[in-house]
A.B. asks: 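One structure is given below, represented as structure tokens, and several questions about it will come after.
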Amino acid sequence: MHLEDHLNRFLEFLLKRGILILLFHQKIIAACPKSCQCSDTNGATVVHCSSRDLEEIPIHLPMDTVSLKLDANKIKQVPNNAFKDLNYLQELDLSRNSIEKIELAAFKGVSEGLKLLDLSGNQIHSIPKEALAKLKAKIRLSNNPWHCDCSLQEMLREIILDPNTVNEILCKTSVHEKYIGKPLIQVLDSGINFCNIHNKTTDIAMFITMFGWFAMVITYVVYYVRHNQEDARRHLEYLKSLPSTQLAKDFDTISTVL
């Protein structure tokens with residue numbers, strides 16, 4: 001009986017410790033940033049951080065977050081691994097901020113489950129295509145000061161745009177001024193290929209460079225020939241001033257050269 005009592009007490013101790021560890025783990029998972037409000041909607045954690053004057057994306061977000069609202073803040077960039085622990089995230093709203101830069105691994109960890117990414121209403125000029133390439137989410141990019149060029153065109157090929165906002169992606173700047181202010185989709189639908197424009201510009205630059213080198217070579221050859229002819233004439237005149245009986249062969253040789 002004595003041994004049995006010890007075993008029972010030991011099992012009770014382990015049980016209590018296990019419950020405490022479980023509660024502690026749940027507390028960590030369910031932690032909500034002070035600047036945000038967290039709610040449970042049908043068993044899904046929704047984190048509301050809208051209009052809180054946030055300048056950075058909060059850290060230590062609940063790991064079971066399904067929807068994260070970060071709209072209408074003052075966030076300027078999305079750093080690498082900003083959401084890497086949010087494996088259940090389906091909706092991410094970063095609209096109406098001041099985002100200018102999105103780093104390559106900004107959305108690492110959420111590429112599989114994310115269904116909606118809203119980046120509209122920011123200060124984004126360009127995004128590395130690698131940052132969005134693996135996302136399967138529907139993406140909103142409207143109302144940003146986009147620079148329309150080959151890199152933007154290639155990035156759009158890698159993502160799924162929200163069809164309801166695609167006409168609001170305007171060229172704030174462009175490799176050609178005539179496209180400024182126009183919807184990007186309209187420019188591309190007209191048959192414009194920014195990557196071909198880039199290649200043509202590069203080809204023209206290479207042609208001009210090659211022509212310049214060719215002109216320099218021709219100028220040098222002409223100068224070299226004229227200079228040698230002048231030296232030869234001077235030498236010939238000198239030879240003529242010497243006794244011709246001893247220099248007849250040299251005179252004939254130089255005359256042949258000229």
Side-chain angles (χ1 to χ4, degrees), residues 57 66-71 75-207:
I57 296 171
V66 173
S67 178
L68 178 56
K69 309 286 188 181
L70 287 165
D71 54 298
I75 299 170
K76 294 184 178 180
Q77 68 171 347
V78 184
N80 289 328
N81 303 310
F83 313 101
K84 65 182 180 66
D85 296 323
L86 306 183
N87 299 322
Y88 302 100
L89 190 63
Q90 296 182 13
E91 180 181 348
L92 177 56
D93 189 352
L94 288 163
S95 64
R96 295 182 294 152
N97 276 280
S98 301
I99 297 173
E100 297 179 355
K101 181 180 180 181
I102 296 178
E103 297 188 357
L104 287 175
F107 303 106
K108 183 179 181 180
V110 299
S111 58
E112 293 296 326
L114 196 64
K115 296 180 179 179
L116 177 62
L117 172 61
D118 195 342
L119 292 168
S120 61
N122 281 284
Q123 297 298 317
I124 304 171
H125 297 271
S126 63
I127 302 177
K129 66 178 182 179
E130 296 83 0
L132 304 178
K134 295 183 179 180
L135 294 179
K136 300 177 181 179
K138 185 186 297 182
I139 302 176
R140 296 172 182 167
L141 298 174
S142 56
N143 299 317
N144 280 285
W146 292 106
H147 177 67
C148 293
D149 60 0
C150 181
S151 61
L152 178 59
Q153 179 178 317
E154 290 184 339
M155 186 269 289
L156 294 181
R157 290 175 179 172
E158 303 289 335
I159 65 175
I160 304 171
L161 284 173
D162 182 358
N164 297 323
T165 62
V166 69
N167 290 323
E168 298 172 5
I169 301 175
L170 305 180
C171 298
K172 177 69 174 179
T173 57
S174 175
V175 290
H176 284 283
E177 292 185 2
K178 62 182 178 179
Y179 304 129
I180 294 176
K182 294 184 178 181
L184 177 59
I185 192 67
Q186 177 182 327
V187 174
L188 297 178
D189 284 346
S190 67
I192 298 300
N193 188 327
F194 287 106
C195 296
N196 283 347
I197 292 174
H198 175 75
N199 291 336
K200 288 180 180 178
T201 303
T202 303
D203 291 343
I204 292 172
M206 290 181 62
F207 175 78

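Because only heavy atoms are used, hydrogens play no part in the values below, and waters and symmetry mates are left out as well, while side chains stay in.
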A.B. asks: Is the closest side-chain heavy-atom distance between Met155 and Leu152 below 4.5 Å?
C.D. replies: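 The answer is yes, as the side chains (C-beta and beyond) meet within the 4.5 Å cut-off.
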
A.B. asks: When you measure from the side chain of Asn164 to the backbone N and O of Asp162, does any donor-acceptor pair fall under 3.5 Å?
C.D. replies: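 Looks like no, no N/O pair under 3.5 Å.
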
A.B. asks: Is Asn144 close to Ile169 at the side-chain level, that is, under 4.5 Å between some pair of heavy atoms?
C.D. replies: no

A.B. asks: Would you call the rings of Tyr179 and Phe194 parallel, tilted or perpendicular if under 30° counts as parallel and over 60° as perpendicular?
C.D. replies: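 Tyr179 vs Phe194 ring planes: perpendicular.
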
A.B. asks: Taking the side chain as every heavy atom from C-beta outward, state whether Ile75 and Ile57 have any atom pair closer than 4.5 Å.
C.D. replies: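 Heavy-atom side-chain distance check passes, below 4.5 Å.
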
A.B. asks: Would Thr165 and Leu141 satisfy side-chain contact (heavy atoms from CB on, under 4.5 Å), going step by step from the backbone distance to the final call?
C.D. replies: CA-CA 7 Å; Thr165 62; Leu141 298 174; over 6 Å; no

A.B. asks: Which heavy atom of Gly181 sits nearest a heavy atom of Leu170, and at what distance?
C.D. replies: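 Reported closest heavy-atom pair: O-CD2, 4.3 Å.
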
A.B. asks: Can you tell me how far the CG atom of Leu119 sits from the CD1 atom of Ile139, to the nearest 0.5 Å?
C.D. replies: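 So the gap between those two atoms works out to 7.0 Å.
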
A.B. asks: Take Ile159 and Leu161 through the test side-chain contact (heavy atoms from CB on, under 4.5 Å) and record every step on the way to the result.
C.D. replies: CA-CA 6 Å; Ile159 65 175; Leu161 284 173; 3.7 Å; yes

A.B. asks: Mind checking the CZ-CG spacing from Arg140 to Leu117? Nearest 0.5 Å is all I need.
C.D. replies: 10.0 Å

A.B. asks: What are the two closest heavy atoms between Leu104 and Asn80, and how far apart are they?
C.D. replies: N-OD1, 3.5 Å

A.B. asks: Testing the basics here: between Asn122 and Ser98, what is the closest heavy-atom pair and its distance to 0.1 Å?
C.D. replies: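 So the two residues come closest at OD1-N, 3.4 Å.
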
A.B. asks: Quick check: closest heavy atoms across Ile180 and Lys172, and the distance to 0.1 Å?
C.D. replies: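 Looking at all heavy atoms of both residues, the shortest contact is CG2-O, 3.3 Å.
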
A.B. asks: May I have the step-by-step check of side-chain contact (heavy atoms from CB on, under 4.5 Å) for Asp118 and Asp71, ending in yes or no?
C.D. replies: CA-CA 9 Å; Asp118 195 342; Asp71 54 298; over 6 Å; no

A.B. asks: Could you give the distance from CG (Leu184) to NE2 (His147), rounded to the nearest 0.5 Å?
C.D. replies: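 It comes to 11.5 Å.
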
A.B. asks: As an exercise, state the distance from OG of Ser126 to NZ of Lys101, rounded to the nearest 0.5 Å.
C.D. replies: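 Ser126 atom OG to Lys101 atom NZ measures 10.5 Å (nearest 0.5 Å).
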
A.B. asks: How close do Val166 and Pro163 get, heavy atom to heavy atom, and via which atoms?
C.D. replies: CG1-O, 3.5 Å

A.B. asks: For the pair Asp93 and Leu70, evaluate side-chain contact (heavy atoms from CB on, under 4.5 Å) and give the outcome as yes or no after the intermediate values.
C.D. replies: CA-CA 6 Å; Asp93 189 352; Leu70 287 165; over 6 Å; no

A.B. asks: Give a yes or no on whether a salt bridge exists between Glu91 and Lys115, defined as a side-chain N under 4.0 angstrom from a carboxylate O.
C.D. replies: no

A.B. asks: To the nearest 0.5 Å, what is the distance between CD (Glu154) and CG (Asp149)?
C.D. replies: 9.0 Å

A.B. asks: How long is the span from the SG atom in Cys148 to the CG atom in Leu156, to the nearest 0.5 Å?
C.D. replies: 8.5 Å

A.B. asks: Decide side chain to side chain donor-acceptor pair (under 3.5 Å) for Gln153 and Asn193; before the verdict, give the C-alpha distance in whole Å, the side-chain angles of both, and the deciding distance to 0.1 Å.
C.D. replies: CA-CA 8 Å; Gln153 179 178 317; Asn193 188 327; 3.0 Å; yes

A.B. asks: Does any non-hydrogen side-chain atom of Leu114 lie less than 4.5 Å from one of Leu92?
C.D. replies: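 Yes; the side chains approach each other to less than 4.5 Å.
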
A.B. asks: Any side-chain heavy-atom pair from His125 and Pro145 closer than 4.5 angstrom?
C.D. replies: yes

A.B. asks: State whether the side chain of Ser111 and the backbone N or O of Lys108 hold a donor-acceptor pair below 3.5 Å, judged by distance alone.
C.D. replies: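 A pair under 3.5 Å: no.
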
A.B. asks: Do Glu112 and Lys136 come within less than 4.5 Å of each other through their side chains, counting heavy atoms only?
C.D. replies: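 Counting from C-beta outward, Glu112 and Lys136 do come under 4.5 Å.
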
